[in-house]
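Mind having a look at this structure? Questions to follow.
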Amino acid sequence: MKLLANRKIKSLFVGILSCIMVFILVSAALVIFEIRNAVYYIIICGVCMGIVVLLLCYGYFKEQHKIMEFAITQITEYISGSKDVTIECNDEGELYRLFHEVNSLVAILNAHAENEKSAKKFLRNTISDISHQLKTPLAALNIYNGLIQDEAKELPAIQEFSQLSEQELDRIETLVQNLLKITKLDADTIILEKSLENVSELAEDIKRHFLFRTGQEGKEICLSGNEDISLLCDRNWIIEAINNLVKNALDHTEKGGVIRIEWRAFTSIVQITVKDNGSGIHPEDLHHIFKRFYRSRFSKDTQGIGLGLPLTKAIVEAHNGTIEVDSTLGTETSFIMNFLNPTKL
């Protein structure tokens, strides 16, 4: 029997059987030799046998509990990030077979993690190299484009095409920079320099950043929230995330549109919301907008490159936060970011 392959289980069974045999032999001897008050002696022997059996079972299960606790501790350490864990499985039996399979699973997961780490490193280095290689020709093209604009001041058609060319060059540069940022976040090569930042000041900086554009397009950014609320974050990266949401909102609102940046604090959460009264998001797109390079078949935006929202999501998640969207087609869109506030935990 496989059950008896484990020497500890075998020892337990042998011990119990020995106790039963001794009890039977003693009882038989008491009866055969017609010992006076044999019944009482048999009862006492039965009680003693029961106590010994219970002690044997207690010792066995106590040892099994200790083994299981050690295994659980090792698994918990692995889940917490320690990769050099192993469960001793140098005995026979189903339990140790299970431990062996767990060790094999850990080895496989570690190998997959290493492969993924290597793949991410390769991807990061490749995109980094490509982006750096593109910087030189992009800079040269921008210079050439500027010279064409200067030389063609009296040629409206060439001026128009050179301006369109400048827009496309800006799009390429933005694409390259966003790809590089997302890749670094994916590869966990960015160390977030977190500090306690005033959310009101962050929002003011973002509003100033878009002041010229909102003035040109006849739109408005409104801020709303308690001035005393703070957030533990990397200032530059959080501003980058919210900037992407505000830019997205400006891209999808008409003249006279209002973009609102609101923030509030709960017991252990700081919530930042960016909402607009623009065109909204089609219900079919709501579950896909955070995918990279996703292009809606309902979108009229021909300038977007589909990386702003994925980058924002990556930044928020790097801060152990969450982001969700709520939208009514043709009416409004709200992006809600929730961040744990360690100072309140």
Side-chain angles (χ1 to χ4, degrees), residues 69 72-83 85 113 120 178 181-182 184-210 221-249 258-277 280-281 286-292 307-328 332-345:
E69 282 294 319
I72 291 169
T73 301
Q74 292 294 91
I75 293 171
T76 303
E77 286 183 9
Y78 180 78
I79 293 172
S80 300
S82 176
K83 302 303 179 185
V85 297
K120 283 185 176 181
N178 285 344
K181 290 172 185 175
I182 287 179
K184 286 181 177 179
L185 286 167
D186 283 347
D188 295 326
T189 57
I190 291 177
I191 299 175
L192 297 177
E193 298 178 359
K194 294 184 180 180
S195 58
L196 208 57
E197 300 289 345
N198 183 278
V199 180
S200 178
E201 293 178 3
L202 293 176
E204 288 288 351
D205 285 350
I206 292 164
K207 182 176 180 179
R208 281 193 294 270
H209 177 76
F210 290 100
I221 296 177
C222 297
L223 309 180
S224 174
N226 191 319
E227 294 184 359
D228 297 326
I229 294 176
S230 297
L231 175 66
L232 186 65
C233 64
D234 186 302
R235 181 184 184 88
N236 293 330
W237 281 105
I238 285 295
I239 287 178
E240 172 90 22
I242 302 174
N243 273 347
N244 286 336
L245 295 179
V246 174
K247 179 183 178 300
N248 187 71
V258 178
I259 291 86
R260 301 183 184 278
I261 304 176
E262 302 173 352
W263 60 94
R264 52 182 177 166
F266 299 96
T267 304
S268 58
I269 290 175
V270 173
Q271 185 179 87
I272 303 174
T273 303
V274 177
K275 61 172 63 175
D276 64 71
N277 57 351
I281 302 171
L286 282 175
H287 299 291
H288 305 286
I289 58 172
F290 292 112
K291 293 180 180 178
R292 296 169 193 181
L307 280 179
L309 292 179
L311 177 58
T312 294
K313 184 174 185 289
I315 293 170
V316 171
E317 290 178 348
H319 283 80
N320 298 319
T322 61
I323 182 170
E324 56 190 36
V325 61
D326 182 27
S327 183
T328 303
E332 63 178 9
T333 299
S334 298
F335 285 92
I336 304 103
M337 295 173 285
N338 293 306
F339 300 93
L340 285 176
N341 191 349
T343 60
K344 299 295 183 182
L345 294 178

Report yes if the side chains of Ile206 and Ile261 come closer than 4.5 Å at any heavy-atom pair, otherwise no.
yes
Student check: side-chain heavy atoms of Leu340 and Ile269 closer than 4.5 Å
yes
Distance in Å, Cys233 SG paired with His319 NE2, rounded so as to fall on 0.5 Å steps
5.0 Å
Between Phe339 and Asn320, is there a side-chain heavy-atom distance shorter than 4.5 Å?
no
Determine, stepwise, if the pair Leu309 / Leu245 fulfils side-chain contact (heavy atoms from CB on, under 4.5 Å).
CA-CA 7 Å; Leu309 292 179; Leu245 295 179; 3.6 Å; yes
Would you say that Leu202 contacts Ile238 through its side chain, given a criterion of any heavy-atom pair below 4.5 Å between the two side chains?
yes
On a heavy-atom basis, which atom in Ala265 and which in Ile229 lie closest, and how many Å separate them?
N-CD1, 3.5 Å
Donor-acceptor pair, Thr333 side chain versus Val325 backbone, under 3.5 Å?
no
Kindly indicate whether the side chain of Phe335, heavy atoms from C-beta on, has any atom under 4.5 Å from the side chain of Met337.
no
Check the pair Lys275 / Asp326 against salt bridge (charged side-chain N to carboxylate O under 4.0 Å, His left out), numbers first and verdict last.
CA-CA 9 Å; Lys275 61 172 63 175; Asp326 182 27; over 6 Å; no
Polar contact flag, side-chain donor to acceptor under 3.5 angstrom, Asn338-Gln271:
yes
Could you check Leu231 against Leu196 for side-chain contact (heavy atoms from CB on, under 4.5 Å), going step by step and ending with a plain yes or no?
CA-CA 5 Å; Leu231 175 66; Leu196 208 57; over 6 Å; no
Spacing of CZ belonging to Arg260 relative to CD belonging to Glu332, to within rounding of 0.5 Å
10.0 Å
For Thr312 against Ala241, the heavy-atom pair lying closest together
OG1-O, 3.1 Å
When Ile323, Ile289, Thr322 are each screened for side chain to side chain contact (heavy atoms under 4.5 Å, CB included) with Lys313, the one that passes is Ile323
Heavy-atom closest contact (Ala249 atom, Asp276 atom, distance):
CB-OD2, 3.5 Å
Considering non-hydrogen atoms only, spot the tightest contact between Glu227 and Asn198 and give its length.
O-ND2, 2.7 Å
Got a sec: does the CZ of Arg235 have more than 12 other heavy atoms crowding it under 6.0 Å?
yes
Counting only N and O atoms by type, is there a donor-acceptor contact under 3.5 Å from the side chain of His209 to the main-chain atoms of Asn243?
no
Apply side-chain contact (heavy atoms from CB on, under 4.5 Å) to residues Glu240 and Leu311 and explain how you reach the verdict.
CA-CA 9 Å; Glu240 172 90 22; Leu311 177 58; 3.6 Å; yes
Is Trp263 reaching over with its side chain to a backbone N or O of Ser224, donor-acceptor style, under 3.5 angstrom?
no
Counting C-beta onward and ignoring hydrogens, is there a side-chain heavy-atom pair between Glu204 and Leu223 closer than 4.5 Å?
yes
Once rounded to the nearest 0.5 Å, what's the spacing between atom CD1 of Ile281 and atom OG1 of Thr328?
10.0 Å
Using a 4.5 Å cut-off on heavy atoms from C-beta on, say whether the side chain of Glu193 contacts that of Trp237.
no
Under 3.5 Å, is there a donor on one side chain and an acceptor on the other for Ser195 and Glu197?
yes
Heavy-atom distance under 4.5 Å between the side chains of Ser334 and Ile336, does that happen here?
yes
